[in-house]
Amino acid sequence: MVEDQNESERLSSDLALFLSNPTIKSCLADGSLNLSSYSSTIESELKSLEDSCISTYQENNQLIKDLRADMDTCDLILASLQEMLLGFQADLGGLSGDIKSLQEQSRTMGYKLQNRKDAEDQLKNFLMRIIVPPSLASMICSGNMGQDFILAVQELERKYQYLHSRDVSFSQGMKPDQTPSGNEMKQYITKLRYKAIARIRQYFLQTFSQLRKPKTNVRMIQINALLKYTPLMEFLLDAKVEIYNEVRNVYIESMGITLYALFRTYAAQLALLDNEIASRNDVIAVEDSSLRDVWTRVNMSKRGDAFCLGNRWEALESSDDMPILAHVALSEKKQYPYEVIFKSVMMHLMDAVTNEYVFVRQFFQEHGADAFKGIFARTLSLILEQLENYLFNCYDCLGLLLMIKQTHANKRIMRERRVDSLDKFFDSVTNLLWPRLKTIMDKQLRSVRDGDVRKLGTIDLHAHYVSRRYAEFTCSILLILQKGTKDDSVVPKKPYMAKGPTSAARKDDGGLDKRRSYLDSSRTTVSHRGSAGDMLLHDLSTLQDEIILLLQRLSESHTTNKKKIVFLINNLDQIISIFQERRVSGKELNRFIEILMQQRELFVEEELLQNFSKMIAFVQQTEQHMNRAEYGGNQSSRVAAEGHKLEVNPQVVEGLVREFASTWKQGIEQINRNVLSFFANFRNGMEVLKQVLTQLLLYYTRFQDIIRKVWRSKPPAFCKDLVSTSVILAEIKKYALVI
């Protein structure tokens with residue numbers, strides 16, 4: 001039953017395969033295939049194929065036999081191999097247990113080896129942290145000071161710190177110093193540590209002793225023998241604070257003594273170079289006898305005195321200049337103003353402070369600030385003491401002001417260097433300089449205010465030496481104050497002059513009173529806000545007021561009003577000329593120019609009244625009368641004015657006309673001679689002459705206007721004698737061309 005089913009399945013599969021042929025399938029579909037004929041064809045083909053296979057088999061019969069023999073031989077060989085392999089399999093079955101046992105043993109040994117390696121590493125790390133190699137001990141005990149010694153000390157300190165730490169990562173949960181080996185090494189490491197401390201202390205103390213030796217290059221010792229051993233100071237600070245403090249105190253003492261000796265010697269050498277410029281007699285209103293005692297003769301044109309700045313302003317130039325080399329200057333017998341000496345000392349001090357400030361903060365680190373104060377305490381006190389001793393006998397106002405400016409500049413320089421350790425010192429210096437400057441300024445003021453005219457030498461029409469000394473002094477002060485500001489005030493090269501003709505004043509007893517009242521009213525009031533700079537400016541303003549009053553007192557020595565005016569003009573002109581030469585401008589110069597213009601107006605009137613007094617008096621009186629009538633308040637006043645105009649005396653006018661026509665050239669010539677003799681400054685004389693002649697022309701023009709107004713309808717016969725203004729102007733130009 002089962003076989004039939006299998007046969008049926010094979011048949012079904014064959015039919016399916018048969019139908020899978022598309023040709024057969026198509027033939028079956030269209031009915032063109034004859035199954036019986038097709039079956040006979042297949043059988044014939046199979047028969048021919050069978051016959052072909054048999055003949056082929058017969059032809060290869062011997063080969064098949066040989067192949068059969070070979071296959072039998074191979075079967076025998078394979079059988080023997082199978083037997084051998086089965087033997088091997090049996091042997092290998094026995095070895096498998098041994099291999100498994102060996103594998104288990106190998107795994108166990110690997111675990112043990114790893115554990116031992118871990119223990120070795122841990123023990124090695126522990127021992128490396130506590131064991132001191134012989135080379136390390138030898139370097140600590142007898143090695144040369146150098147980088148190797150520093151590394152050895154640092155390594156020793158790391159071992160010491162580990163032994164005293166709570167790190168149990170390498171000591172099986174025990175503190176390092178509680179282990180047997182750690183406890184044993186602790187005492188050896190401690191002894192080596194003490195040995196290192198002793199050697200470091202000895203080295204630093206020996207090095208510090210070299211700082212006290214003369215002609216020692218301190219900076220080289222600091223760089224080469226101290227700074228590179230800064231780690232050793234850190235070690236001392238951690239290992240033994242007492243030794244660290246001892247070393248620091250020894251350095252402070254040694255360096256303090258060294259700097260004190262250097263600055264004391266340098267200051268003593270510079271003191272021999274001091275060129276004393278001013279003495280107690282160097283005041284503005286100095287007595288003539290004092291001048292002759294000092295210089296044997298009066299020479300106020302001398303520029304190198306205590307009041308002229310000269311090239312002393314160079315002391316305010318850049319601090320990049322080299323300080324004074326004392327031994328070279330002494331050998332060359334040079335002399336310097338004290339502000340140059342002061343600048344040299346300050347430059348050395350600032351450089352020393354800057355170097356030491358940087359050094360102590362690198363070498364002593366957080367304790368550097370205290371060390372710096374101790375190092376420079378004596379040196380700064382020495383400099384302040386020497387400055388104070390100098391100030392006791394100092395009368396050089398310009399030098400003091402220059403030193404004040406230098407101090408302010410030095411303070412800025414140190415701030416740029418980010419070193420603020422000298423701020424209090426600079427404040428102390430300033431507090432010494434300003435009071436002395438104020439004292440000397442008060443002395444100058446007293447000399448001018450209390451100046452005795454009888455003791456101030458010969459008073460002629462020319463400029464007095466007091467005005468030159470005042471001008472030089474004030475210009476120098478202002479130039480120093482302006483030095484370093486962004487916009488220095490300078491005066492133009494064009495000389496001061498009147499902008500036009502000035503109005504005339506009458507000749508009467510009130511002329512001098514008018515001059516005095518103007519001098520008094522021109523005194524300015526300066527607000528005093530309390531600062532030192534404001535006090536100085538206030539003193540300069542007060543000094544200007546006092547010098548004007550002193551010049552007024554000096555002018556009283558002359559007998560005539562005209563000479564008094566000439567004296568004032570010459571002195572004011574000298575002051576203004578010096579201001580302009582020094583290129584100083586400001587309210588001081590403007591005030592003197594204003595006063596000079598006023599005095600020139602007064603001189604013009606005085607000079608014209610000498611030769612043309614009648615015409616000037618007639619013009620002034622007639623114009624006053626006509627103006628009073630012209631600006632009267634009612635009609636009757638104007639009618640009265642017409643009557644007064646007709647009452648002008650023709651004979652008087654005619655006499656004035658003829659007198660002027662005959663004397664005007666001689667008058668101008670006389671004016672020219674007077675001006676040239678009165679005023680030594682050619683430029684000043686030029687301006688005065690121009691003003692006098694211009695005012696004369698104006699007076700004569702006004703005189704002609706009066707004649708035209710009085711005789712409007714019919715000019716009198718003497719009008720033909722009037723001198724044309726163009727002729728007068730031509731004569732004036734002639735004098736100008738000659739000049």
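On a predicted model such as this, the values are computed, not experimentally measured, just so you know.
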Worksheet item: If you count the non-hydrogen atoms of other residues, nucleotides and ligands that lie under 6.0 Å from NZ in Lys438, is the total more than 12?
Response: yes
Discussion item. Using 0.5 Å steps for rounding, measure from the CG atom of Leu536 to the CG atom of Leu540.
Written reply: 5.0 Å
Item to complete: Evaluate the criterion salt bridge (charged side-chain N to carboxylate O under 4.0 Å, His left out) for residue pair Asp545 and Arg591; output intermediate values, then yes/no.
Response: CA-CA 10 Å; Asp545 296 336; Arg591 185 178 176 194; 2.4 Å; yes
Fill in: Pairing residues for Arg280 by the side-chain contact (heavy atoms from CB on, under 4.5 Å) criterion, not counting sequence neighbours
Tyr395
Practice prompt. Go through the steps for Asp452 and Arg553 under the test salt bridge (charged side-chain N to carboxylate O under 4.0 Å, His left out), then give the verdict.
Written response: CA-CA 9 Å; Asp452 189 348; Arg553 295 199 303 272; over 6 Å; no
Worksheet item: Measuring from Met441:CE to Leu543:CG, what's the distance to the nearest 0.5 Å?
Response: 5.5 Å
Practice prompt. Go through the steps for Phe567 and Phe678 under the test ring pair (Phe, Tyr, Trp, His ring centres under 6.0 Å), then give the verdict.
Written response: CA-CA 9 Å; Phe567 175 80; Phe678 288 151; over 10 Å; no
Practice prompt. Report the distance from atom CG of Leu551 to atom CD1 of Ile569, rounding to the nearest 0.5 Å.
Written response: 12.5 Å
Worksheet item: Honestly, is Arg361 close enough over Tyr357, meaning NZ or CZ under 6.0 Å from the six-membered ring centre and within 45° of the axis?
Response: yes
Worksheet item: Parallel, tilted or perpendicular for Phe592 and Phe579, by the 30°/60° rule?
Response: tilted
Worksheet item: Checking Thr379 side chain against Phe376 main chain: does a donor-acceptor pair fall under 3.5 Å?
Response: no
Worksheet item: Hey, does the side chain of Ser476 reach the backbone of Leu309 with a donor-acceptor pair shorter than 3.5 angstrom?
Response: yes
Practice prompt. Using modelled atom types only, decide if a donor and an acceptor are shared between the side chain of Asn355 and the backbone of Ala352 within a distance under 3.5 Å.
Written response: no
Worksheet item: At what distance, to the nearest 0.5 angstrom, does CD of Glu339 lie from CG of Leu398?
Response: 8.0 Å
Discussion item. Can you tell me how far apart CG (Asp420) and CE (Met414) are? Round to the nearest 0.5 Å.
Written reply: 9.0 Å
Worksheet entry | Interatomic spacing from OG1 in Thr265 to CG in Leu270 - rounded to 0.5 Å | 11.0 Å
Worksheet item: Among all residues two or more places apart in sequence or in another chain, which pass the ring-ring contact (aromatic ring centres under 6.0 Å, His included) test with Tyr338?
Response: Tyr390
